[in-house]
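Here is how names work: the chains are called A, B, and so on, in the same order as the sequence lines, proteins then strands, and each is numbered from 1.
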Amino acid sequence: MKDVAAAAGVALKTVSRFVNAEPGVSPATAERVAAAIERLGYRRNESARVLRRGRTATIGLVIEDVADPFYSEIGRAVEDVALRHGSLVFSGSSGEDPRRERELVLAFCARRVDGLVIVPAGTDHDYLLPELDAGVAAVFADRPGGLDADTVLSDNAGGAHAGVTHLIRHGHRRIAFLGDRTAIFTAAERLRGYRRALSDAGLPADGTLIATGPPERAGAALDRMLAEPDPPTAVFAGNGRITVALLRSGHRPPLVGFDDFELADLLTPGVSVVAQDPAGLGRTAAELLFRRLSGETGPARRIELATRLVPRGSGELRP
DNA sequence: CGAGATCAAACGGTCACCTG
DNA sequence: CAGGTGACCGTTTGATCTCG
């Protein structure tokens with residue numbers, strides 16, 4: 001900047017004004033400064049700018065797994081919004097481990113991110129309080145966090161209710177629920193939606209038709225249910241990985257799965273799903289974050305995004 | 001009065017150097 | 001040897017000044 005000022009024959013301050021499009025630079029001077037910038041190949045040093053301004057124009061994103069398409073779609077949407085606000089995104093995978101989530105978040109904070117979008121792995125977020133006090137903004141996405149902050153969720157219970165009701169309408173009375181561990185908020189919510197759908201339809205709750213646990217065990221769990229005297233005639237799968245695990249283990253039951261996935265429409269029959277809007281989750285979370293960063297105050301918001309039932313064949317099979 | 005110059009003080013951390 | 005001091009990195013910002 002000093003060199004540009006010397007080359008253009010103006011003061012440092014004038015270059016700064018020009019670079020930041022501030023008023024007070026005459027067109028003639030601006031032209032000389034622009035020419036000097038062009039000639040010297042000057043680009044503003046962002047580190048120095050950060051040093052002075054206190055804002056780093058970066059945000060941190062903690063998701064469960066960057067390799068999981070559901071979360072990478074969230075990540076992409078967050079990135080798009082961030083870019084529009086002149087920010088870059090650091091992202092990391094918690095792997096569903098609260099300790100790792102905390103390490104990532106604190107590492108981002110140590111690099112002085114302006115804000116955070118977090119898919120919580122744990123339920124205790126007291127470790128965030130000092131950071132929030134220091135002015136870092138935080139938004140929870142996909143699941144609620146352990147403190148009162150802006151949160152964006154999918155309507156998990158409502159989506160599961162719609163999916164199970166769809167199976168009931170097609171004549172099923174005994175519907176299995178294969179879900180992830182209920183310690184995970186979304187899994188518990190979907191189970192709640194399943195139960196409500198059964199009771200709304202006047203069907204009995206049968207605990208032997210419910211299995212929760214890691215997705216890779218879903219196939220075996222369904223095998224056990226099918227070996228019982230009064231087996232289920234349809235399956236509601238609690239997330240995309242469970243749906244895929246079931247299909248991989250050779251099962252083709254009447255089925256509705258939570259979460260859409262690639263090629264679901266190309267199978268025979270097509271797999272009916274309750275689709276979430278992961279891009280919507282990411283976009284909404286990032287937009288809330290940038291609103292806070294631009295000074296919006298007021299109580300924490302909680303936004304719930306609708307899900308969409310996508311019938312493709314597997315959910316319309318009769319008993 | 002407006003355009004622009006000049007000056008100094010930050011920002012947060014690192015590092016060389018000095019003191020006791 | 002520990003601990004303290006001050007310069008330094010590049011930019012922004014505000015105060016103040018100059019000149020036509």
- Query: Arg112(A) side chain: which of dG13(B), dA5(B), dG10(C) is closest?
  - Reply: dG13(B)
- Of the nucleotides dG4(B), dT11(C), dG13(B), which one has an atom closest to the side chain of Ser26(A)? dG4(B)
Whether [X] contacts [N] is assessed here as follows: a side-chain N or O lying under 4.0 Å from the phosphate OP1 or OP2. Is that the case?
X        : N       : result
Thr29(A) : dA3(B)  : no
Tyr42(A) : dT11(C) : yes
Arg55(A) : dC11(B) : no
Ser16(A) : dT12(C) : yes

Would you kindly give the [atom1]-to-[atom2] distance between [X] and [N], to the nearest whole Å?
X        : N       : atom1 : atom2 : value
Arg44(A) : dT11(C) : CZ    : C1'   : 9 Å
Phe18(A) : dA3(B)  : CZ    : P     : 16 Å
Leu12(A) : dT11(C) : CG    : P     : 8 Å
Asn45(A) : dG12(B) : CG    : P     : 16 Å
Met1(A)  : dT12(C) : CE    : C1'   : 8 Å

- Under 4.0 Å between any heavy atoms, over every strand shown, what does Val10(A) touch: base, sugar-phosphate, or nothing? Just pick one. sugar-phosphate
- Arg190(A) to Phe258(A) six-membered ring, cation-pi geometry met (6.0 Å, 45°): yes
- Does Glu96(A) pair with Arg143(A) as a salt bridge, N-O distance under 4.0 Å? yes
- Query: Hey, are Arg76(A) and Asp80(A) close enough for a salt bridge, meaning a charged N less than 4.0 Å from a carboxylate O?
  - Reply: yes
- Going 5' to 3' through nucleotides 14-20 of chain C and flagging B where a protein heavy-atom sits under 4.0 Å of the base, S where only the sugar-phosphate is that close, and - otherwise, we get B------
- Message: Quick test of your reading: applying salt bridge (charged side-chain N to carboxylate O under 4.0 Å, His left out), list the pairs with at least one residue in residues 219-244 of chain A, sequence neighbours left out, ordered by first then second residue.
- Response: Glu64(A)-Arg241(A), Arg174(A)-Asp230(A)
- If a pair satisfies salt bridge (charged side-chain N to carboxylate O under 4.0 Å, His left out) and one of its residues is in residues 115-131 of chain A, list it, with sequence neighbours excluded. none
- Query: Do the side-chain N and O atoms of Glu189(A) and Tyr194(A) include a donor-acceptor pair separated by under 3.5 angstrom?
  - Reply: no
- Item | Option among Glu316(A), His170(A), Arg312(A) that satisfies the side chain to side chain donor-acceptor pair (under 3.5 Å) test with Ser272(A) | Glu316(A)
